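Some notes on the structure that comes next.
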Number of protein chains: 2
Amino acid sequence: MENPISSAVEDYLKAIFELGEKDIKTQDLADSLKFSPASVTGMLKKLSKLNLVSYKKYYGVSLTKQGRLMALETIRHHRLIETYLMQALGYEWHEVHDEADRLEHVISENFEERIAKLLGNPSYDPHGDPIPCKDGIMPQLLGQPLIDFAVGTNIKLTRITKQDSEVLIYLAENELKPGGVFTIEARAPFNGPLTLNKGKKPIPLSYQLAKAIYAQAAI
Amino acid sequence: MENPISSAVEDYLKAIFELGEKDIKTQDLADSLKFSPASVTGMLKKLSKLNLVSYKKYYGVSLTKQGRLMALETIRHHRLIETYLMQALGYEWHEVHDEADRLEHVISENFEERIAKLLGNPSYDPHGDPIPCKDGIMPQLLGQPLIDFAVGTNIKLTRITKQDSEVLIYLAENELKPGGVFTIEARAPFNGPLTLNKGKKPIPLSYQLAKAIYAQAAI
DNA sequence: AAAAATTTTTAGGCATGACTAAAAATATAA
DNA sequence: TTATATTTTTAGTCATGCCTAAAAATTTTT
C-alpha cells in the first residue's frame, strides 16, 4: 500500500518544480525529461492520484504542497551532493551533474545530514544555485543576468545556470565561477556578445551565455 | 540492444559470488536474496542468456568469467563505499551496509577512483573483508575463526563476517574490530561461548558469533 | 523400485514506466 | 465560423522483474 517513492517520480517532481510556478504544459515536461508526451500524461495521472500534483487535463500541472516538498528534498540532495563532490572529492565542475542525478535518489537522511554538516550547511552550491533547507525554505536567488549590467560595471558572479559540460569547461578555464569578480568591458549591439575582463585577457561571452550567468554589482 | 546492467542483475551476481565457488542452488539464492525460487529461476535464464552465468536446469548456477568480474566490481564498490562512509563521513559500523547496498549500483568509475585514492587504495574494508582490485584480484582472506584458537592465545582480530546491526553495535561497544588485540580467556565445552579479554572486563561471545569472527595469532 | 517428499521450473499475473499510433481537444488561420 | 494545425490524451505494447499456483524433475524413504 505505502510504496516507497520511485526515482521516476522524483525526477518528474523535480522537473515540474524547475519549470516554474505556473501551469506546466505536458509538452514542456516531456521536452525537459526527454520522454514522449504520452508517457508524461500517464505519469501525471499517477502523480495526481498520489496527491503530489494538481493536474487539469489539457490545461497543465503544478505541484501540491506535498509534491513541492518532495521536489525540494530531491533538489536539496542534488545540490548538496554536487557541492560535496567538488569540495570533498575534487570533482571538476562539469563532472558533478550526472553523478548527482544518480546519487540524489539513493542517499539516506543520514548521508544528507552528514555531508551537509561537513560542508557547514551551505546555502548555495558550486553553480550558485540555492540549496533548499530541510524545512523546504529556499535561500534567495542572488544576482541578475549579466546582460542587465551596463558596460564598465564591476560585477561579482553569483550563479551559472548552465550545465553543458562544454560550457562549464570553458567557464572554468576562465575562472568564471560564483565569487569571481570581473568588469563588463564591452557589449555588442543587437543581442551581440558581451566581453568580461579580469585584468588578464578579455573573455567573450555569447548573448545566450551572458543571459545564463548571474552577477551582483561589486565595488 | 546493449542495455546497461540493472541493479537487480548486479544483486544476483553479487549473491551468487558470495555463496561460493560451487554450483549454487536456486533455493540458496532465493533465500539469500529473499525472492521466491520461481523468480530466481526466471532471472537465471536471463543471466545465462547474457553470458554472465552458466546455468544447468535443476542442477545449479555459477558465474562465468564475465559474471565474476562484474560481481567483483559491485563488491569493490560496496566495500570501498563502506570504508569511505566510516573513514570520511564518520558513519558507525552498523550504518554502512544498507547505505552501501544502494550506492554501489549508481556510483561512477570516477567516484570509485576518487574515493579509492583518497583512502589510499585500501585492501580491506572496516569489517576486514578484502576489497577486490580493479583487475578482479581479491586480496587474501586474513585469519581463522576465533573458535580455532586455543585458550590463552593472544590474537589480533582480522575480520567480522556479520552485518546485523545489533551484533555490530555490541562488538563496537567492546572495541571488537579488525586490528583489536585480545586474549582468549576461556571456552566453554560443547560448543559453548568463548570469552575474550583485553585487560578490562571479559567479553563473552556465543559460539555462533565466535565462528563469525576471524583472527590471527599475535605476540 | 515404487511411493512420498522436496526442489525446481513452467505458466500466468501484476506493477512500473517507457513507447507508438490513433483519437480527441484546443488553438490558429482563413 | 469553419477549416487546419497543434497539443494532449487514450488505447494498446513492451521490457523488467517480482509474485503465486501448478506441473515436472529430483531426491529421499520405505
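Worth knowing before you read on, the calculation uses all heavy atoms, side chains too, and leaves out hydrogens, waters and symmetry mates. Because the structure is a prediction, the values reported are computed rather than measured. Labels below follow one simple rule: chain letters A, B, ... track the order of the sequence lines, proteins then strands, and each chain is numbered from 1.
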Salt bridge flag under 4.0 Å for residues [X] and [Y]:
{"X": "A:Lys14", "Y": "A:Asp101", "answer": "yes"}
{"X": "A:Arg114", "Y": "B:Glu99", "answer": "no"}
{"X": "B:Glu113", "Y": "B:Lys134", "answer": "yes"}

Set out, line by line, the N/O atom pairs under 3.5 Å between protein and nucleotides 20-27 of chain C.
unit_1: C:dA25; atom_1: O4'; unit_2: A:Tyr58; atom_2: OH; d: 3.4

How long is the line joining [atom1] of [X] and [atom2] of [N], in whole Å?
{"X": "A:Ile5", "N": "C:dG17", "atom1": "CD1", "atom2": "C1'", "value": "14 Å"}
{"X": "B:Lys46", "N": "D:dC14", "atom1": "NZ", "atom2": "C1'", "value": "13 Å"}
{"X": "B:Lys49", "N": "D:dG17", "atom1": "NZ", "atom2": "P", "value": "13 Å"}
{"X": "A:Lys45", "N": "C:dG17", "atom1": "NZ", "atom2": "P", "value": "15 Å"}
{"X": "B:Met43", "N": "D:dA15", "atom1": "CE", "atom2": "C1'", "value": "12 Å"}
{"X": "A:Asn3", "N": "C:dG17", "atom1": "CG", "atom2": "P", "value": "9 Å"}

Quiz item: Which residue, B:Leu44 or A:Val9, contacts DNA chain C at a nucleotide closer to its 5' end, judged by nearest heavy atom?
Solution: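 Per heavy-atom nearest nucleotide, the more 5' residue is B:Leu44.
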
Exercise. Between B:Thr41 and A:Pro37, name the one whose nearest nucleotide on DNA chain C is closer to the 5' end.
Key: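 First, find each residue's nearest nucleotide; the 5'-ward one identifies B:Thr41.
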
Quiz prompt | Between CD1 on residue B:Ile169 and CD on residue B:Glu173, distance to nearest 0.5 Å | solution =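 Going from CD1 on B:Ile169 over to CD on B:Glu173, the span is 7.5 Å.
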
[X] side chain near [N] phosphate (N/O to OP1/OP2, under 4.0 Å):
{"X": "B:Tyr59", "N": "D:dT27", "result": "no"}
{"X": "B:Ser6", "N": "D:dG17", "result": "yes"}
{"X": "A:Tyr55", "N": "D:dT8", "result": "no"}

Quiz prompt | Listed nucleotide nearest any side-chain atom of A:Phe35, set D:dT9, C:dA18, D:dG17 | solution =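 For the A:Phe35 side chain, the nearest candidate turns out to be C:dA18.
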
Quiz item: Just checking, any donor-acceptor pair under 3.5 angstrom between side chains of B:Glu104 and B:His77?
Solution: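 There is no such pair between these side chains.
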
Exercise. Flag the pair A:His127 / A:His97 as yes when their ring centroid distance falls below 6.0 Å, and as no otherwise.
Key: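 Between A:His127 and A:His97, the centre distance exceeds or equals 6.0 Å.
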
Exercise. Assess whether side chain to side chain contact (heavy atoms under 4.5 Å, CB included) is satisfied between B:Leu209 and B:Leu171, documenting all intermediate values.
Key: CA-CA 10 Å; B:Leu209 186 46; B:Leu171 295 180; 4.2 Å; yes

Practice problem: For B:Asn51, check side-chain hydrogen bond (donor to acceptor under 3.5 Å, both in side chains) against everything at least two apart and list the hits. | Solution: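 Once residues adjacent in sequence are excluded, B:Asn51 has no partner under the side-chain hydrogen bond (donor to acceptor under 3.5 Å, both in side chains) criterion.
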
Practice problem: Specify the residues of residues 19-33 of chain B, ordered by number, for which at least one heavy atom lies under 4.0 angstrom from an atom of DNA chain C. | Solution: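 By residue number: B:Lys25, B:Thr26, B:Gln27.
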
Quiz item: Which heavy atom of A:Pro37 sits nearest a heavy atom of A:Gln27, and at what distance?
Solution: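 Closest heavy-atom pair between A:Pro37 and A:Gln27: CG-NE2, 4.0 Å.
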
